[in-house]
4 protein chains.
Amino acid sequence: MSTAAEATTRRRRKDARPQELLDAALDLFVEKGFAATRAEEVAQRAGVSKGTLYLYYPSKEELLKAVIREHLGSRIAAGEAAVDQHDGTSADLLREVYSHWWQAVLASPSSGAFKLIVSEVRNFPELAGFYQREVVEPGERLIGRIVQRGVDSGEFEPVDVAAAVHSLVLPMVMLCLHKHSLGACVPHQEGFDAVVFIRQHIDLVLRGLARHGAPAARRR
Amino acid sequence: MSTAAEATTRRRRKDARPQELLDAALDLFVEKGFAATRAEEVAQRAGVSKGTLYLYYPSKEELLKAVIREHLGSRIAAGEAAVDQHDGTSADLLREVYSHWWQAVLASPSSGAFKLIVSEVRNFPELAGFYQREVVEPGERLIGRIVQRGVDSGEFEPVDVAAAVHSLVLPMVMLCLHKHSLGACVPHQEGFDAVVFIRQHIDLVLRGLARHGAPAARRR
Amino acid sequence: MSTAAEATTRRRRKDARPQELLDAALDLFVEKGFAATRAEEVAQRAGVSKGTLYLYYPSKEELLKAVIREHLGSRIAAGEAAVDQHDGTSADLLREVYSHWWQAVLASPSSGAFKLIVSEVRNFPELAGFYQREVVEPGERLIGRIVQRGVDSGEFEPVDVAAAVHSLVLPMVMLCLHKHSLGACVPHQEGFDAVVFIRQHIDLVLRGLARHGAPAARRR
Amino acid sequence: MSTAAEATTRRRRKDARPQELLDAALDLFVEKGFAATRAEEVAQRAGVSKGTLYLYYPSKEELLKAVIREHLGSRIAAGEAAVDQHDGTSADLLREVYSHWWQAVLASPSSGAFKLIVSEVRNFPELAGFYQREVVEPGERLIGRIVQRGVDSGEFEPVDVAAAVHSLVLPMVMLCLHKHSLGACVPHQEGFDAVVFIRQHIDLVLRGLARHGAPAARRR
DNA sequence: AATGAATGAGGGTTCATTCAT
DNA sequence: AATGAATGAACCCTCATTCAT
């Protein structure tokens, strides 16, 4: 093996470590909570020893913050573009962009990060500002723009936009929390499918938003 | 003070101990999480010594379970009666039962118990069954009955009742969680009032449920 | 046993703990150094468990500081009074006050505290100010007063007082250090007796200080 | 640079490694103590990596011993020759040999080795024999010979030679210790100059040793 | 020879729980 | 019943040492 290849092999492992540790940490922090997760467990799940964890993250707390940053760092940008380009109805826009996005989040490990925020903010108040800035505000702004667009075009009733946004978003977040709390404990309720529910919820809200006299939101 | 009076005072305090401990434990478990809360802190906040805590609860874990039992033990019965007796529209019934009830929950310390469930179920799976049995099922049954009533009477569209229930309930639970996580950390968002939102959310959902051709849900 | 007696028994142990811990800590810190001494060793030598140490001192470092404070806290006051009251020659005063004092120090566990200072000041610079203030300055001032008194009375040559003080004091401190370093490792050098040396050293220095033409310092 | 020159450079660096490591180790061990110094710090200060340290010394402890050997290995030989050749007064000899030698020691990094001995002998008793054999005994023998020479020649009082040697030597060792402990922490005491003190101390002791009737030790 | 990633034993500190008073 | 001193298992983190590259 050449020196370059050697270095590469070693490098490859080293480069992969932080991600492996973050993945392990997310799983365990979400499952057991930060305080109840031992640093060594995280290391073991990542396939390294206790000491190695500390080569990459200076403390368990910094590891938590890195996990949060990774999974809740701004991901809204893509959505913004979609909103700008869309030229159909606001109802379609919401159904497309929004329900797809939440399905993806729910299916991804990032869904657990919401539980982490809920469980740990009060112990690590720095997280509050980060979450507010990176998730809450851009998220509400994005959905708010869509709703406002519908109101402006006469497609929706002139509702309180912020409230409508909450009606749309809160159940989605709750689905994420549920997935990693009760949902992981009880046998799946027959007949409940989160993905189906997302669509149903949007439909219901869209019917609530629809302007009287305007055509009702189409069922697909 | 007479000896009898002293005895009475002491007795009263003694009788109050378990409740004081539960109150202190709820506060702290909700704020910091179960694992990050020290048994001694709970005792101190309840005004007793560490040892005394263990006279009333055999372990920190049992204390957690008692807290959960206290705050999430069946409270739905009252609602059931209201449903049976009501003879107005289902929309009114929903607004009444539901908005009053959630306002009460949100304002009470019990709101914190939802955060406890979300944060701790996976560490104490016994809680899952309890919560499912005592809260989820009766709660969904209650709201479900009201929605079904509206569908049956032709007041509501023939929607998927379970989905509508989730659309109604999930944001409420999320409000409880928010109150004890982010909401306790960031300065109150101007213009956001949970109680107002509850009404707005019901109105929105009721508009979504309303049968075409039927009169729209009245704004109050 | 009466309640008072009970309390007393328990209290007695509790009151004695800090001193027992300080004694154990002094021994071990002096012998092995601060960093090489384990907190648990200190606890064991004091006859308690690891956790108990932390009921009395919040950290190993605070334990070190308490040890230093205990053994190097101002003890010079007594000497001051003796100097004020003495009305014999300065040579006699020095022999009496000073050699007695150093014999006492050398025989006591406090002698080890000098080794602690030498070994640990650079890691705990707060100790420097304390030692300077509580030991170096009052000590040098005291001895300096005696020497100055002799110079003023014509008993001693008009020497550099500060230098003479160092000539007197440095070997004494060195004896303390030696006792707890080399002196604890090699078989006692035959013929070397620290107490005898203290007197010999004073005599030598006094002969060096003595004014020409004045009667030489008497040998005792 | 030619390959040959490169090889030379590398060789030169490689040859210098052990010395660079010893220098770094002395500095750090003296400053922070052996136990509180990390092997990696030593390597870093010597400009090599952690692993390289272990190519030259099999353990941190062996590094300590090498440091001690380097700085306290027999250096007294030069002094012995000076004593043999000297034909002036013993006082002059003492001043010359001794004051020069100690000034050199105090100014050199070797002064720190005394602190190392004091701090670490009890953890590494092998050091005790080495120090006794290489430093204490030859040093005391050398100074002792000079004093004895003065006594024999009638220049000095017939004092206890061993005691006089201690009176001469202990303050010097103490100066070395001071330099690397308190002296490194507190702002330099105004008016204190170790080199001046060395001369003052010799003068004082020589006056104490001087035979009555014999000419007093000259001030230089 | 040199590096530095990896290891894991070890040590400081915390805290649930016990129990003598 | 109430206390709080004491315990020791457990956990976070460090660092001497190893070894693949």
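So that the names make sense, note that chain A is the first sequence line, chain B the second, and so on, each numbered from 1.
- For the pair A/G51 and C/S59, both in contact range of DNA chain E, the more 5′-proximal nearest nucleotide belongs to A/G51.
- Within the structure, every side-chain polar atom (N or O) of A/S49 is placed at least 4.0 Å from both OP1 and OP2 of E/dG8.
- Looking at the side chain of D/A39, the nearest of the listed nucleotides F/dC12, F/dA16, F/dA5 is F/dA16.
- Summarising the geometry, the separation between OH on B/Y56 and P on E/dT18 is reported as 17 Å, rounded to the nearest angstrom.
- Phosphate contact (OP1/OP2 of F/dA5, side-chain N/O of C/T52, threshold under 4.0 Å): absent.
- When rounded to the nearest whole Å, the span between CD of A/E41 and P of E/dG8 equals 17 Å.
- Taking atom NZ on A/K60 and atom P on E/dT14, their separation rounds to 15 Å, with Å as the unit.
- For the pair C/H180 (side chain) and C/G112 (backbone), a donor-acceptor distance under 3.5 Å is present.
- Contact annotation for A/Y57: no contact, since no heavy-atom pair falls under 4.0 Å across all strands.
- Remark: F/dC15 base-pairs with E/dG8; criterion is Watson-Crick or G-U wobble with both hydrogen-bond distances under 3.5 Å.
- For E/dT13, the paired base is F/dA10 (Watson-Crick or G-U wobble, both distances below 3.5 Å).
- Using N1 to N3 plus N6-O4 or O6-N4 for Watson-Crick, or N1-O2 and O6-N3 for G-U wobble, each under 3.5 Å, F/dT3 pairs with E/dA20.
- One interatomic measurement links the two molecules: CG of A/L64 to P of F/dC12, which rounds to 13 Å at whole-angstrom precision.
- Counting only heavy atoms from C-beta on, A/Y54 has its side chain closest to F/dC12 among E/dC15, F/dC12, E/dG12.
- C/L22 and C/A66 make their closest contact through CD2-CB, 3.7 Å (heavy atoms, listed as atom of the first residue, atom of the second, distance).
- Inter-residue side-chain proximity for A/L63 and A/Y56 is flagged as unmet; no heavy-atom pair is nearer than 4.5 Å.
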Notebook entry, point to check: Would A/K32 and A/E41 count as a salt bridge (Lys or Arg N to Asp or Glu O under 4.0 Å) if you check the C-alpha gap in whole Å, the side-chain angles of each, and the deciding distance to 0.1 Å?
Noted result: CA-CA 11 Å; A/K32 317 177 65 157; A/E41 281 181 284; 2.7 Å; yes
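- Here F/dA2 presents its C1' atom at 15 Å from CD of B/Q44, a figure rounded to the nearest Å.
- Taking the centre and axis of the six-membered ring of B/F124, the NZ or CZ atom of B/K65 falls outside the cone set by 45° and 6.0 Å.
- The distance between atom CG of D/L55 and atom C1' of F/dC19, rounded to the nearest whole Å, is 11 Å.
- Note: CG (A/L53) to P (F/dC12) measures 10 Å, nearest angstrom.
- With hydrogens and angles left out, the side chain of A/K50 and the base of E/dT7 share no donor-acceptor pair within 3.5 Å.
- Protein atom CG of B/N123 is 16 Å distant from nucleotide atom C1' of E/dA16, rounded to whole Å.
- Residue B/R17 places none of its side-chain N or O atoms closer than 4.0 Å to OP1 or OP2 of F/dA1.
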